[in-house]
Amino acid sequence: MTRLLDAQGLEISHEGHRTRLKWHRLRKRFADPLFSAEVMAEGFAAGASMELDLRVRADSGFVVLHDEDLEGETTGHGPIAEKSLGDLGDIRMQEGDRPLILSEDLAAMLQSAHPAALLQFDMKDDYEAIGARGIEHLAAHFRDIAASVIVSGGSLDLIVAVKEKLPHLLRGIDPTDKLYDISKARGWKAVEAELRADLRGPTEPDTIYLQWSLILDAARDGLDMIALCQDQGKRVDAWTFTLKDPEAGFSEAERLNFSALMALKPDQITTDEAPATERAWRRRMAV
């Protein structure tokens with residue numbers, strides 16, 4: 001049975017397993033503007049799982065952007081790491097002339113979140129760039145929030161530092177690039193050994209972020225990465241599955257890949273088209 005909330009692009013239920021649909025870069029739909037405070041507020045009200053990217057500033061605060069330079073997403077210029085809070089006040093997002101979202105804004109916005117909402121801070125800089133001052137900034141602003149936040153990144157040193165300073169926040173790691181390289185060089189047995197080591201490692205992650213095509217490639221060769229992680233008490237987020245034509249639904253290739261992914265029972269799937277994905281799946285199951 002499809003619940004009312006499913007129509008909002010929040011989750012899919014299949015064979016007794018619930019898979020959340022995470023809104024990639026704060027977009028419920030690909031047509032939404034990148035990193036929209038309005039979409040984030042909608043997600044907070046609905047209890048959505050959402051992701052945003054954080055880049056460190058020169059003053060050790062953060063700004064919600066993906067790229068290391070301002071040019072691609074904003075009206076500004078130059079590396080974000082060289083800009084302080086005062087340098088960003090007049091800069092706008094290229095889409096919609098919107099102000100940038102700063103880390104100082106996020107804590108206040110999180111106070112309105114539905115208890116089921118989950119916000120992922122995907123850290124795009126490593127610990128060397130962020131340093132102890134950046135971790136202190138996170139601690140100062142997110143120490144007392146009631147909403148669920150998960151901090152993720154490719155830098156294991158950074159996630160360990162978050163664990164030590166903000167132990168109440170959830171943690172995620174993304175070993176995708178490393179595991180892809182290992183699969184090509186040494187095969188899936190070596191991938192399994194490396195993934196097991198990461199699961200037991202000092203980050204003590206709650207969620208493992210894995211590219212969906214890596215998950216399917218491994219499964220075709222007999223390695224169920226999702227089951228491996230879940231057996232260790234970890235959740236798995238499969239990223240980023242976005243329909244090419246959200247109105248039409250699944251193409252045949254998308255249907256096959258998404259069905260294979262759902263059969264492996266991921267805890268979450270990252271997408272830029274959450275409602276369309278839920279709708280396409282509902283149509284598939286009705287056939």
Side-chain angles (χ1 to χ4, degrees), residues 8-10 20-114 116-125 129-130 134 137-138 140-142 145-153 169 239-240 242-243 246-247 270-277:
Q8 298 178 3
L10 300 183
R20 298 190 81 174
L21 297 173
K22 186 185 74 188
W23 303 359
H24 184 225
R25 300 188 191 177
L26 296 182
R27 286 199 284 210
K28 184 177 180 180
R29 301 173 181 84
F30 195 76
D32 289 334
L34 194 65
F35 300 127
S36 163
E38 291 73 23
V39 173
M40 180 161 57
E42 181 184 352
F44 280 158
S49 178
M50 299 176 286
E51 177 251 14
L52 54 78
D53 297 324
L54 287 180
R55 282 285 180 182
V56 70
R57 311 185 309 241
D59 55 10
S60 297
F62 297 85
V63 60
V64 178
L65 290 170
H66 176 273
D67 300 340
E68 61 183 338
D69 296 310
L70 289 165
E71 281 84 351
E73 297 160 296
T74 80
T75 59
H77 302 280
I80 296 167
E82 296 177 3
K83 309 294 183 182
S84 294
L85 184 62
D87 301 323
L88 300 174
D90 294 331
I91 294 173
R92 294 291 183 267
M93 297 296 289
Q94 288 184 358
E95 295 177 280
D97 192 37
R98 295 167 293 119
L100 307 185
I101 301 174
L102 306 171
S103 48
E104 291 86 350
D105 305 323
L106 287 172
M109 297 171 82
L110 278 160
Q111 300 305 322
S112 64
H114 185 284
L118 176 63
L119 188 61
Q120 177 191 351
F121 291 175
D122 196 14
M123 313 300 287
K124 292 301 179 186
D125 299 293
I130 291 172
H137 177 95
L138 291 175
H141 288 85
F142 300 102
I145 57 167
S148 292
V149 168
I150 182 166
V151 181
S152 67
L169 297 186
W239 59 266
T240 299
T242 297
L243 297 173
E247 292 306 315
T270 299
T271 178
D272 291 290
E273 292 284 359
T277 301

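Everything numeric here is computed off the predicted structure, so don't read it as measured data. Residue numbers run from 1 in the order of the sequence given. Side chains included, hydrogens not; waters and symmetry mates left out as well; all remaining heavy atoms used.
- Side-chain contact between T74 and R92 is absent, with no heavy atoms from C-beta onward closer than 4.5 Å.
- Note that CD1 of I80 and CD of E71 are 9.5 Å apart. Values are rounded to the nearest 0.5 Å.
- Closest approach of A129 and V56 over heavy atoms only: O-CG1, 4.1 Å.
- Shown here for A107 and H141, the closest heavy-atom pair between the two residues is CB-O, 3.1 Å.
- Of the residues listed (T240, T271, T270), the one engaging K22 in a side chain to side chain donor-acceptor pair (under 3.5 Å) is T270, and it is the only one.
- Here the CG atom belonging to D97 is positioned 7.5 Å from the OG1 atom belonging to T75, to the nearest 0.5 angstrom.
- Residue W23 comes nearest to G43 through the heavy atom pair CZ3-CA, 3.6 Å, listed as atom of the first residue, atom of the second, then distance.
- Listed here is the closest heavy atom pair of Q8 and A46: OE1-CB, 3.3 Å.
- Among D53, D67, V64, the one residue that satisfies the side-chain contact (heavy atoms from CB on, under 4.5 Å) test with E73 is D67.
- The shortest distance between side-chain heavy atoms of P246 and R29 does not fall below 4.5 Å.
- Separation of atoms CG (L110) and CE (M40) is listed at 7.0 Å; rounding is to 0.5 Å.
- Between F62 and F121, the distance from one ring center to the other does not fall under 6.0 angstrom.
- Counting heavy atoms from C-beta on, the side chains of M93 and S36 never come closer than 4.5 Å.
- No donor-acceptor pair under 3.5 Å is formed between the side chain of Q120 and the backbone N or O of S49.
- Put simply, the side chain of L106 reaches to within 4.5 Å of the side chain of L54, judged on heavy atoms.
- Considering only heavy atoms from C-beta on, K124 comes within 4.5 Å of H66 through its side chain.
- In terms of modelled atom types and a separation under 3.5 Å, the side chain of R55 and the main chain of L70 share no donor-acceptor contact.
- The nearest pair of heavy atoms linking S103 to F142 is O-CZ, 3.6 Å.
- R20 and G47 get closest at one heavy-atom pair: NH2-O, 2.8 Å.
- For D272, the side-chain hydrogen bond (donor to acceptor under 3.5 Å, both in side chains) criterion is met by H24, T242, not counting sequence neighbours.
- How far CG of L21 is from NZ of K28: 11.5 Å, rounded to the nearest 0.5 Å.
- Applying the salt bridge (charged side-chain N to carboxylate O under 4.0 Å, His left out) test between R57 and each of E68, E104, E82 identifies E104 as the sole match.
- Atom CG in L34 sits 8.0 Å away from atom CG in L65 (nearest 0.5 Å).
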Derivation of the salt bridge (Lys or Arg N to Asp or Glu O under 4.0 Å) call for E95 and R25: CA-CA 14 Å; E95 295 177 280; R25 300 188 191 177; over 6 Å; no
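- The CG atom of D59 sits 7.5 Å away from the NE2 atom of H137 when rounded to the nearest 0.5 Å.
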